Amino acid sequence: MKATTIKLESDLLEDIARAKPKDQSLTAFVKQAVKAELARRHLRKSAQAYQNFLSQNKAEQDWLDQWEQADLAIAAKSDRSKS
C-alpha cells in the first residue's frame, strides 16, 4: 500500500480532532471521511447519468412515472417487460 503524508493547518487539525469519535484514530477518521466524500461524488455522478438517460429514453421515463403513481398495496396491472 502506498503511503503519503498530508499536511494540515493547525486549525483544521484541531477541528478534525474535535469532530472524530474519541475511540477512532485521526488517520482512520480522515480515511473514512475521504471515502465517504468519494462515494457521495460517485452517487451524484450516477444520479446525473440516470437523469440524462431518462431525458433521452421516454419509455423509461413513462415507466418510472407509472411506478411513482402506483398503488403498491394492489397487484400490478401489467408487466414492464411486455411494454
Side-chain angles (χ1 to χ4, degrees):
M1 173 193 325
K2 287 186 176 183
T4 189
T5 300
I6 298 174
K7 294 182 181 184
L8 302 172
E9 293 82 15
S10 61
D11 290 348
L12 179 57
L13 186 57
E14 290 170 8
D15 288 345
I16 293 170
R18 280 193 299 274
K20 73 174 190 61
K22 290 184 174 126
D23 62 340
Q24 190 175 33
S25 71
L26 183 66
T27 298
F29 181 79
V30 171
K31 281 182 185 179
Q32 179 183 13
V34 170
K35 285 180 183 179
E37 174 62 19
L38 293 173
R40 186 184 65 78
R41 289 179 184 202
H42 175 73
L43 290 173
R44 187 178 342 143
K45 187 176 180 180
S46 297
Q48 184 60 52
Y50 187 62
Q51 289 299 317
N52 292 340
F53 172 77
L54 289 176
S55 71
Q56 296 172 8
N57 294 277
K58 182 165 176 22
E60 183 76 10
Q61 181 63 61
D62 290 346
W63 179 86
L64 186 60
D65 291 342
Q66 289 175 3
W67 172 258
E68 289 176 355
Q69 296 174 9
D71 181 354
L72 299 180
I74 60 172
K77 292 181 182 176
S78 65
D79 183 6
R80 176 181 179 200
S81 63
K82 293 179 186 175
S83 38

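Quick note: numbers below take in every heavy atom, side chains included, and nothing from hydrogens, waters or symmetry partners. Since the structure is predicted, the reported quantities are computational estimates derived from the model, not experimental observations. Along the sequence shown, residues are numbered consecutively beginning with 1.
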#### Entry: Close side-chain approach of Lys45 and Arg41, heavy atoms under 4.5 Å
no

Scan the side chains in residues 68-75 for donor-acceptor partners under 3.5 Å anywhere in the protein, sequence neighbours excluded, and list what turns up.
residue : atom : partner : partner atom : Å
Asp71   : OD1  : Ala73   : N            : 3.0

Could you list the donor-acceptor pairs under 3.5 angstrom formed between side-chain atoms of residues 13-23 and any protein atom two or more places apart in sequence or on another chain?
residue : atom : partner : partner atom : Å
Asp15   : OD1  : Arg18   : NH2          : 2.4
Lys20   : NZ   : Gln24   : O            : 2.6

### Query
Roughly how far apart are Leu54 CG and Gln61 CD, rounded to 0.5 Å?
5.0 Å

#### Entry: Min side-chain heavy-atom separation Ser55-Gln51 under 4.5 Å
no

### Message
If hydrophobic clusters are built by linking Ile, Leu, Val, Met, Phe, Trp and Tyr wherever their side-chain heavy atoms come under 4.5 Å apart, do Tyr50 and Leu43 end up in the same one?
### Response
no

### Task
For Asn52 and Gln48, test the side chains for any donor-to-acceptor distance below 3.5 angstrom and give the result as yes or no.
yes

### Query
So how far is it from Leu12 CG to Ile6 CD1, rounded to the nearest 0.5 Å?
10.5 Å

